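In what follows, a single structure is set out as structure tokens and then discussed.
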Amino acid sequence: MDEQKVLILVDQIDKTNEIEYYNILEQIVEIKYKNSEIEYKFPSSRVNIIRNPVQVNIENQKFIYQGFPIRNVKFVMKFEGWLKFFFEEQHTRIYSPSLIQIIPEEDSSRLTIDPMDYWKDISQYTTIEDDLESFLKKQFSKLNVIHHKSVLASYLNKTPVEKTSKLVTPIIYPFKFNLSQKAALEQALSSNISIIEGPPGTGKTQTILNILANLTVIHKKSVAVVSGNNAAVQNVRDKLDDKGYGFMVAALGKWDNRKAFFNNLPEPDVIGWDCEAEEKQIGETINELTHKLERLLLLANRKAEIERMISAYRLEQKHYQFHNDERNLDDMKRLFFRNQTADTIISFLVDEYFLGERSFRFLQKAKLLFKYGFFDFKKLREDRLELITRLQTKYYESKLSELEREKDQIDRELKKESFKPLLQEHEMYSTQLFKKKLFEKYHGKSKYKGNVNNYRNRIEDFLKHYPIVLSTTHALRSCIPDDYLFDYVIVDEASQVDLLTGVLAMSCAKRIIIVGDTKQLPQIVDEKIENKLKTSDVEEPYNYFKHSLLSSMFAIYGQNIPRAMLKEHYRCKPKIIGFCNDQYYNNDLIPMTTEEESDVSIRLHYTAIGNHMRRVTVGKDRGNFNHREIDVVKEEIIKELQLNDVPLKDIGFTTPYRLQVTEANSQLEQIEIDTVHRYQGREKPVMILSTVLDQTKSGKFGKQFVENPNLVNVAVSRAQNQFILVTDHSLFRNSRKDIGDLIRYIEYNTLHEHITQSQLISVFDLLYSEYSDRLNGLQARLINKSKFKSENIIWRVLSDLMEEDTYKCFTFSMQVYLKDIFKVTDQLNETEKKYVKNRASFDFVVYDAINKQPLLAIEVNGFNYHRNNLVQTERDKLKHNICVKYDLSFLPLLTTGSNEIIKIRNKLNEFL
């Protein structure tokens, strides 16, 4: 410490003794005033008294420190070799002139518009917790200088993320773990900025707890855990308290919380936490167990994926059987010499397609005979359609049998390798090492002596006692000294953290771990503020009204930011989270929950025909409500749930509208009622969603709000065992947005009467996706460049379109048989019926991605194959006429035409 100077400056401006510290000392030296004399507890050789300061002209000048402007400067004094800055809120700072760049105001135009000025401008119009004077305004007025080692500096400079490939081992998991949580933790330990994407029910808090255990105990780092609200950080505190680790935590934040914490300081109780085993020995055991468990966790995930596939195939098989149960199908063994797998059945169907209607030559017969063991060429020639149906039926049986065998094999291997005991053993050793390290740190340690008024003066000592600080994002800056940086800041629920409070949190961090989900509800901002701003022309990634902290990070760093998605899902029954998985997460989630076939995990309840929404436009409580939906919940749904022994405390009621919450609270007792926005972060065994809207003009006006994808995702994923949608009988039925998709998902998964009574059969997506992929792959390898080339082009066009968010509600298959589209043929004449039965197929069928209902048939008409082929021309007319009779859109595409993409896009837009 000898080389560090404590500067004592005599300020002639305000005529008082001024004491400043140029560097942060490891130890704060007490200085007292006594009869205007300075009494200090260190040698006079370390005191440098500088007198007679000169005021610096700051007019039309900008002062730059480490690349960032110094803000809120009132005036500057020069004390020989030092510059002293006086700021608003009575703060002062001293810098060496060599660290300060002074540029004329007119030359500062080369600097980009400063986001800090933009955010400060916004801060004067925002309020936190009903403060009369903006709390955020005060915080931004104190944020005069950006620390060059802070995450905020990296964020504003768009500095590339710093990574290290070497991880300190062992990595402990005293709060259990899975593969994606392990990847997220390792990423967080090796990057100065990282993102953990946490979809609903994937163990975000568990991941944070394991990160805290490694950072604070293994790496001896200080960590702040923050969120936009107290609920998220309270969850972390509760979990640590439950395990007896609460003494590590300082629950700070706003002033009242700080006073409450210091009035009841937690004290460590680590008696019995030591163990005889050496730290190195425990660490080696943990590393060995981790290595063993990685492969077993992969197997466990594969098993969960297989269970999801089995459920999907069984459901599609039910739809297939429903539409083909009138057929009397022969045993498959009569067609083949040997048993067929699901894979060989698809291959046979593809080869059979390319044979077409051509007469079978010896080589073609030989291929089918030797490749598949097929011998019934008479059946293939006389009744191809029945043969195809029999093969499709066998496909489901074979596929399910194969999946069941693979699942059983994994079960046996997991049991043989003692998977669950190994997990428990890993947790035990991780906990043992964690507690041993805590014992070494806290056993015999004297009680912390500071108080709420002075703890910041000795912040390092405070954090040695309490290395985990909890706070809201907006209050963290006020909990620590101006220049102090935590080693890490973890931001939870980051999709709901606005940029103003997120910036304050980043200003306190050397490294940051951002935990959130852009698919859940974002922060709520007052858009009226935007019209009041003087500084609004800011770079898009820093725009307060467009971005949360999480989305802003993605906008700045894109794919270059380390990101790990938590995939294993533990909250909802598979059919419940299945909707969110299909709709929002690209089927990346792995449901680890189980479901019996008898379970009714998703339900749809339509209200009676009529417009039941009411809109209040005067008085204090304005908005929309719907008593009919509340009555349905009260008189039908809750009574039925109680008959099934569901306690009222296990039922949640949610809605997009506050007034519906108010009305429901007056009618429904003992169940938890709240808006979807306020339900985020919570869960219930049974969740009921009331959409409120009807078919009036006002009701239709609200559809965009109710069908917000983030809102629907949150509402559905609150349910653990059962989700019930209560809605208008027809308002959302034809919607291609999220409530419409949810309705179709429930109908398809429950074989709702609307699905089973439709004249159009839901496309058998699992079967046709495999068939179409194989068919297209083979076509691409063919030398023949006539009709196949054109179909491959359209395949690529459709594939590219379905990648766009606009068309994510659609999917498509290739060469779909007409018999798999039209349930009955009563409306067809004899020629058309005969044509359907004669192996007729559409080149492409576009269908709803949720309920698989066909929407558009596409025919690709090669010039030679169609225009110069009268037989094929007549067949095209038949297809068109059949589609007209069943109200199925039909789009012929001529290879001699143009603008195929525009034509397909326009057709798809009609369904939107």
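What you are looking at is a predicted structure, and each value in this text was computed from that prediction instead of being measured. Worth knowing before you read on, the calculation uses all heavy atoms, side chains too, and leaves out hydrogens, waters and symmetry mates.
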Derivation and outcome, side-chain hydrogen bond (donor to acceptor under 3.5 Å, both in side chains), residues Asp741 and Gln583: CA-CA 8 Å; Asp741 289 342; Gln583 191 81 348; 2.6 Å; yes
Going through the checks in order, is the side-chain hydrogen bond (donor to acceptor under 3.5 Å, both in side chains) test met by Thr290 and Tyr173? CA-CA 10 Å; Thr290 301; Tyr173 299 91; over 6 Å; no
Report the C-alpha distance between Tyr657 and Val706 in whole Å, list the side-chain angles of each, state the deciding distance to 0.1 Å, and finish with yes or no for side-chain contact (heavy atoms from CB on, under 4.5 Å). CA-CA 9 Å; Tyr657 292 100; Val706 172; 3.6 Å; yes
Assess whether salt bridge (charged side-chain N to carboxylate O under 4.0 Å, His left out) is satisfied between Asp599 and Lys575, documenting all intermediate values. CA-CA 10 Å; Asp599 289 344; Lys575 275 194 173 65; over 6 Å; no
Do Asn235 and Lys239 pass the side-chain contact (heavy atoms from CB on, under 4.5 Å) test, and can you show the C-alpha distance, the side-chain angles, and the key distance before you say yes or no? CA-CA 6 Å; Asn235 193 23; Lys239 295 288 176 64; 3.9 Å; yes
Applying side-chain contact (heavy atoms from CB on, under 4.5 Å), run through Glu540 and His547 and close with a yes or a no. CA-CA 9 Å; Glu540 195 269 346; His547 285 289; 2.9 Å; yes
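When side chains are defined from C-beta on, Tyr585 does not count as touching Thr202, because their heavy atoms never get closer than 4.5 Å. A 4.5 Å side-chain heavy-atom check between Lys254 and Thr472 finds every atom pair outside the cut-off. In this structure, the side chains of Ile468 and Val249 come closer than 4.5 Å at one or more pairs of heavy atoms. Under the 4.5 Å side-chain criterion, counting only non-hydrogen atoms from C-beta, Asn713 is in contact with Gln520. Annotation: side chain of Tyr748 is not in contact with side chain of Ile850 (no heavy-atom distance under 4.5 Å). For the pair Leu423 and Leu293, the minimum side-chain heavy-atom distance is below 4.5 Å. Put simply, the side chain of Ile739 reaches to within 4.5 Å of the side chain of Val712, judged on heavy atoms. A 4.5 Å side-chain heavy-atom check between Glu493 and Gln680 finds at least one atom pair inside the cut-off.
Scanning all heavy atoms of the two residues, the minimum distance from Leu185 to Ile171 falls at CD2-CG2, 3.5 Å. The two residues Ala188 and Ser194 come nearest to each other via the heavy atoms CA-OG, 3.6 Å. Of all the heavy atoms in Thr593 and Pro574, the pair that sits closest is OG1-CD, 3.4 Å. Contact detail for Ala304 and Pro591: the closest heavy-atom pair is CB-O, 3.5 Å. Between Pro115 and Tyr542, the shortest heavy-atom contact is CG-CD1, 3.7 Å. For the residue pair Pro170 and Gly283, the shortest heavy atom distance occurs at CG-CA, 3.6 Å.
The existence of a salt bridge linking Asp487 and Lys220 is excluded, since no basic side-chain nitrogen approaches an acidic carboxylate oxygen closer than 4.0 Å. The existence of a salt bridge linking Asp411 and Lys407 is excluded, since no basic side-chain nitrogen approaches an acidic carboxylate oxygen closer than 4.0 Å. The existence of a salt bridge linking Asp517 and Lys204 is excluded, since no basic side-chain nitrogen approaches an acidic carboxylate oxygen closer than 4.0 Å. Comment: Lys292 does not engage Glu288 in a salt bridge, judged by the lack of any side-chain N to carboxylate O separation of less than 4.0 angstrom. Contact check on Glu672 versus Arg718 returns no salt bridge, with no Lys/Arg side-chain nitrogen under 4.0 Å from an Asp/Glu carboxylate oxygen.
Counting heavy atoms of neighbouring residues, nucleotides and ligands inside a 6.0 Å radius, atom CZ of Arg678 does not exceed 12 of them. The local environment of CD in Glu162 is sparse, with at most 12 non-hydrogen atoms from other residues, nucleotides or ligands closer than 6.0 Å. Within a 6.0 Å sphere centred on NZ of Lys808, heavy atoms belonging to other residues, nucleotides or ligands number more than 12. Residue Asp242 places its CG atom among more than 12 non-hydrogen atoms of other residues, nucleotides or ligands, all under 6.0 Å distant. Within a 6.0 Å radius of CZ in Arg308, other residues, nucleotides and ligands contribute more than 12 heavy atoms. Enclosure of atom NZ in Lys176 is not indicated, since only 12 or fewer non-hydrogen atoms of other residues, nucleotides or ligands lie within 6.0 angstrom. Within 6.0 Å of atom CZ in Phe579, more than 12 heavy atoms from other residues, nucleotides or ligands are found, so the atom counts as buried in its surroundings.
Residues Glu595 and Ser311 bring no donor and acceptor atom of their side chains to less than 3.5 Å of each other. With hydrogens and angles left out, the side-chain atoms of Asp588 and Asn581 include no donor and acceptor closer than 3.5 Å. With hydrogens and angles left out, the side-chain atoms of Asn301 and Glu568 include a donor and acceptor closer than 3.5 Å.
In this structure, Tyr245 has its ring center under 6.0 Å from that of Phe434.
Classified by interplanar angle (parallel below 30°, tilted 30° to 60°, perpendicular above 60°), the ring pair His426/Phe177 is tilted.
Although no hydrogens or angles enter the test, the distance criterion places no donor-acceptor pair under 3.5 Å between the side chain of Glu197 and the main chain of Thr518. Although no hydrogens or angles enter the test, the distance criterion places no donor-acceptor pair under 3.5 Å between the side chain of Ser495 and the main chain of Pro522. In this structure a side-chain-to-backbone donor-acceptor pair under 3.5 Å is missing from Lys158 to Tyr155. Here the side chain of Thr473 pairs no donor or acceptor atom with the backbone of Val226 at under 3.5 angstrom. Of the possible polar contacts, none joining the Glu527 side chain to the Phe545 backbone as a donor-acceptor pair under 3.5 Å is found. No side-chain donor-acceptor contact under 3.5 Å links Ser548 to the backbone of Gln523. Between the side chain of Asn214 and the main chain of Asn210, a donor-acceptor pair closer than 3.5 Å is present. Judged by distance alone, the side chain of Thr207 and the main-chain N or O of Gly203 form a donor-acceptor pair under 3.5 Å. Judged by distance alone, the side chain of Ser190 and the main-chain N or O of Gln187 form a donor-acceptor pair under 3.5 Å. Within the 3.5 Å criterion, the main-chain N or O of Asp848 finds no donor-acceptor partner in the side chain of Arg736.
One finds the SG atom of Cys479 at 13.0 Å from the OH atom of Tyr484 (value rounded to the nearest 0.5 Å). Atoms OG and NZ, on Ser717 and Lys519 in that order, are 13.0 Å from each other to the nearest 0.5 Å. If you take CD1 on Ile512 and OG on Ser191, they are separated by 13.0 Å, rounding to the nearest 0.5 Å. Atom CD1 of Ile480 is separated from atom CG of Leu485 by 7.0 Å, given to the nearest 0.5 angstrom. How far CD of Glu186 is from OG1 of Thr169: 10.5 Å, rounded to the nearest 0.5 Å. To the nearest 0.5 Å, atom NE2 of residue His569 and atom CE of residue Met592 are 11.0 Å apart.
Applying the side-chain contact (heavy atoms from CB on, under 4.5 Å) test between Val716 and each of Ile576, Ile602, Leu725 identifies Ile576 as the sole match. Under the side-chain contact (heavy atoms from CB on, under 4.5 Å) rule, Val491 has a single partner from Leu549, Leu476, Leu550, Ile196, which is Leu549.
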